[in-house]
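Everything below concerns the one structure shown next.
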Amino acid sequence: MGGETMNDGDQPRVIVVGGSMGGLTAALVLRDLGMRVDVVERSPELLDGKGAGIVLQPDTVRWFREHGGTEAVEKVSTGSSRLRYIGADNEIVFDEPSTWRFTSWTTTYKALLADFGTDNYHLGEHVAGLDQDADGVTLRFVSGREERAELVVFADGISSTGRRRLLPEVVPQYSGYVGWRGTVPETEVSETTHALLSDALSYAIAPNTHICMYPIPGRDGGLAVGERDLNYVWYRNVPEGPELDELLTDKRGFPCPVSVHPGQVQDRYIDELKAAARELLPPAAAELVTRTAEPFIQPVLDIEVPRMAFGRVCLMGDGAFAARPHAAAGTAKAAADAWALADALQAADGDVVTALAKWEPGRLELGRSLLARVREMGRAYQVDNTADPADRSLRFGLYGPDQ
């Protein structure tokens with residue numbers, strides 16, 4: 001960040017902490033209101049989602065739709081036309097028309113960053129603490145730098161510094177299971193597997209476990225059939241305690257409480273994963289898992305906050321509520337928080353404190369509702385073994401099933 005301040009001018013200044021998809025969406029919509037917006041991201045390099053897939057919901061792609069229409073959405077996503085459950089021998093046990101679009105984390109991040117630009121996107125900036133008074137917020141950085149803004153938005157994810165500083169009593173709650181994730185180029189799977197998975201949002205269920213699979217843009221952004229990747233999340237129960245701690249220790253010996261990244265998962269666990277896939281999953285799903293070069297692990301966590309607005313500071317996205325992925329709503333919720341914040345600021349004529357106070361109740365209600373629903377979905381799939389493919393309560397959606 002060169003110069004005495006990140007940005008100069010007379011408009012209200014906003015600092016968004018966290019440069020991922022939620023932070024970028026917030027930055028874009030607030031800049032559209034005429035605010036001076038800077039994004040600070042703790043990573044020293046541009047982010048990479050390591051190929052993780054995302055199910056697109058209306059809020060996730062609202063920015064692209066409003067700034068380029070359907071064509072802009074199609075440039076960052078691929079689609080499928082079926083919802084399909086696969087039985088133990090690859091037989092189709094449930095199938096119905098269901099249109100969804102999917103993206104990769106990296107594809108959408110790059111598109112949002114291209115729209116925001118890099119002049120006010122600052123890498124390698126770690127926020128250490130903050131203070132606020134009636135006129136603004138002071139952010140302190142580990143470098144010793146301080147910055148002032150009229151509004152600070154913490155969109156810094158599941159390990160949010162803002163949440164730790166403002167709500168130190170709130171800690172993530174482990175769900176009892178982890179998500180193993182990976183992608184495989186669709187050209188590398190058998191014709192049988194491709195036929196089952198390439199045009200569907202697919203599930204396979206076994207006792208106390210399930211896997212979700214769908215196509216996403218390829219690693220080079222390819223969207224056409226034959227250029228994409230097949231993405232999966234396989235949920236596996238792991239008891240909290242030493243067994244989980246050992247699993248979440250990377251090859252360097254470091255604990256990784258949020259994610260063990262590709263290439264850092266201990267080899268013995270990858271060997272066990274692939275052996276278990278052959279034993280527990282249908283052949284098509286097992287093929288995805290066994291062909292994955294570098295699977296990675298994310299413990300499935302719940303985070304619930306009692307507040308999201310603190311004077312001129314707010315928490316949004318996973319920086320506030322983190323919900324299990326079963327509703328495919330995490331990125332949509334972050335985007336919805338951002339759009340609602342812009343609406344509140346506009347309605348309050350830029351009065352930040354008033355806007356945040358009016359913005360908060362609806363966001364808390366949505367976060368609590370989503371958490372309650374995904375907990376029930378997880379119980380059906382991973383604990384009670386009651387998940388029925390025809391049960392509409394198991395469908396994706398931020399605001400409810402298929403919503």
Side-chain angles (χ1 to χ4, degrees), residues 42-43 49-52 126 156-161 163-165 167-183 204-212 231-281 285-286 288-305 318-327 330 371-372 374-387:
R42 60 192 167 205
S43 170
K50 309 299 183 185
H126 294 252
D156 51 345
I158 201 164
S159 56
S160 169
T161 297
R163 186 179 62 245
R164 294 200 309 272
R165 295 294 178 268
L167 296 169
E169 71 278 11
V170 173
V171 295
Q173 300 298 312
Y174 176 56
S175 65
Y177 49 95
V178 304
W180 280 90
R181 306 195 67 163
T183 61
I205 303 174
N208 303 110
T209 191
H210 73 293
I211 186 169
C212 177
N231 168 83
Y232 66 87
V233 186
W234 183 14
Y235 299 97
R236 303 188 69 196
N237 294 345
V238 180
E240 189 167 17
E243 185 175 344
L244 178 67
D245 291 347
E246 193 171 348
L247 176 65
L248 299 180
T249 301
D250 70 11
K251 285 183 174 180
R252 303 165 299 173
F254 295 151
C256 300
V258 171
S259 177
V260 187
H261 297 315
Q264 288 300 324
V265 180
Q266 296 175 54
D267 292 339
R268 60 192 171 114
Y269 288 119
I270 294 176
D271 292 343
E272 188 278 332
L273 178 81
K274 295 183 176 183
R278 296 185 187 98
E279 178 184 353
L280 299 172
L281 298 177
L288 283 194
V289 175
T290 56
R291 288 186 182 272
T292 304
E294 293 184 333
F296 61 102
I297 312 169
Q298 293 175 330
V300 178
L301 305 171
D302 294 331
I303 299 176
E304 182 172 358
V305 293
D318 285 348
F321 288 86
R324 308 178 195 190
H326 306 308
L371 266 180
V374 295
R375 284 168 175 157
E376 287 302 312
M377 294 170 78
R379 182 175 294 112
Y381 280 117
Q382 293 293 124
V383 180
D384 297 339
N385 300 303
T386 56

>> Please evaluate residues Thr209 and Tyr381 with respect to the criterion side-chain contact (heavy atoms from CB on, under 4.5 Å), reporting the C-alpha separation (whole Å), side-chain torsions for both, the decisive distance (0.1 Å), and the verdict.
In response: CA-CA 6 Å; Thr209 191; Tyr381 280 117; over 6 Å; no
>> Any heavy-atom pair between the side chains of Arg324 and Tyr177 that's under 4.5 Å?
In response: yes
>> Is it the case that the side chain of Gln298 and the backbone of Val260 share a donor-acceptor pair, with hydrogens and angles ignored and the cut-off at 3.5 Å?
In response: no
> Which distance, rounded to the nearest 0.5 Å, do you find between the NE2 of His261 and the CD of Glu294?
Replying inline: 12.5 Å
> Taking only residues two or more places apart in sequence, or in another chain, which ones meet Arg291 in a side chain to side chain contact (heavy atoms under 4.5 Å, CB included)?
Replying inline: Val184, Val189, Glu287
>> Checking Arg165 now: which residues fulfil salt bridge (Lys or Arg N to Asp or Glu O under 4.0 Å) with it, not counting sequence neighbours?
In response: none
>> Would you call the rings of Tyr235 and His210 parallel, tilted or perpendicular, taking 30° and 60° as the class edges?
In response: parallel
> How many angstroms lie between atom CG of Leu273 and atom CG of Leu247, to the nearest 0.5 angstrom?
Replying inline: 9.5 Å
> Once you round to the nearest 0.5 Å, how far does OG1 of Thr290 lie from CD1 of Ile270?
Replying inline: 12.5 Å
> Say you draw a straight line from CG of Leu288 to OG1 of Thr183; how long is it, rounded to the nearest 0.5 Å?
Replying inline: 9.5 Å
> Which pairs with one or both residues in residues 256-268 pass salt bridge (Lys or Arg N to Asp or Glu O under 4.0 Å), sequence neighbours excluded?
Replying inline: Glu246-Arg268, Lys251-Asp267
> Quick one: does Ile303's side chain get under 4.5 Å of Arg163's, heavy atoms only?
Replying inline: yes
>> For Pro299, give me all partners under side chain to side chain contact (heavy atoms under 4.5 Å, CB included), at least two apart in sequence or on another chain.
In response: Tyr174, Val178, Leu248, Leu301
>> Rounded to the nearest 0.5 Å, what separates atom CG in Asp384 from atom CG in Asn208?
In response: 9.0 Å
>> Please enumerate all residues that pass salt bridge (Lys or Arg N to Asp or Glu O under 4.0 Å) together with Arg236, with sequence neighbours excluded.
In response: Glu272
> Side chains of Asp302 and Gln173: donor-acceptor distance under 3.5 Å anywhere?
Replying inline: no
> From Ile297 CD1 over to Cys256 SG, what is the distance, rounded to the nearest 0.5 angstrom?
Replying inline: 9.0 Å
>> Looking at Asp318 and Asp156, would you say the former's side chain and the latter's main chain have a donor-acceptor pair under 3.5 Å?
In response: no
>> side-chain contact (heavy atoms from CB on, under 4.5 Å), that's the test. Do Tyr232 and Cys212 meet it? Break it down for me.
In response: CA-CA 5 Å; Tyr232 66 87; Cys212 177; over 6 Å; no
>> In the structure I gave you, are the side-chain heavy atoms of Val233 and Pro325 within less than 4.5 Å of one another anywhere?
In response: no
>> Please give me the minimum heavy-atom distance between Ala323 and Leu371, naming the atom from each residue.
In response: CA-CD2, 3.9 Å
> So, for Val238 and Glu243, which heavy atoms are closest and what is the spacing to 0.1 Å?
Replying inline: CG1-CG, 4.1 Å
> Thinking salt bridges, do Glu304 and Arg375 make one under a 4.0 Å N-O criterion?
Replying inline: yes
> What are the two closest heavy atoms between Phe296 and Gly182, and how far apart are they?
Replying inline: CE2-N, 4.5 Å
> Less than 4.5 Å apart, any side-chain heavy atom of Trp234 and any of Val289?
Replying inline: yes
> What pairs with Arg42 under side chain to side chain contact (heavy atoms under 4.5 Å, CB included), at least two apart in sequence or on another chain?
Replying inline: His126, Ser159, Thr161
> Looking only at heavy atoms, what is the nearest atom pair of Val300 and Ser175, with distance?
Replying inline: O-OG, 2.8 Å
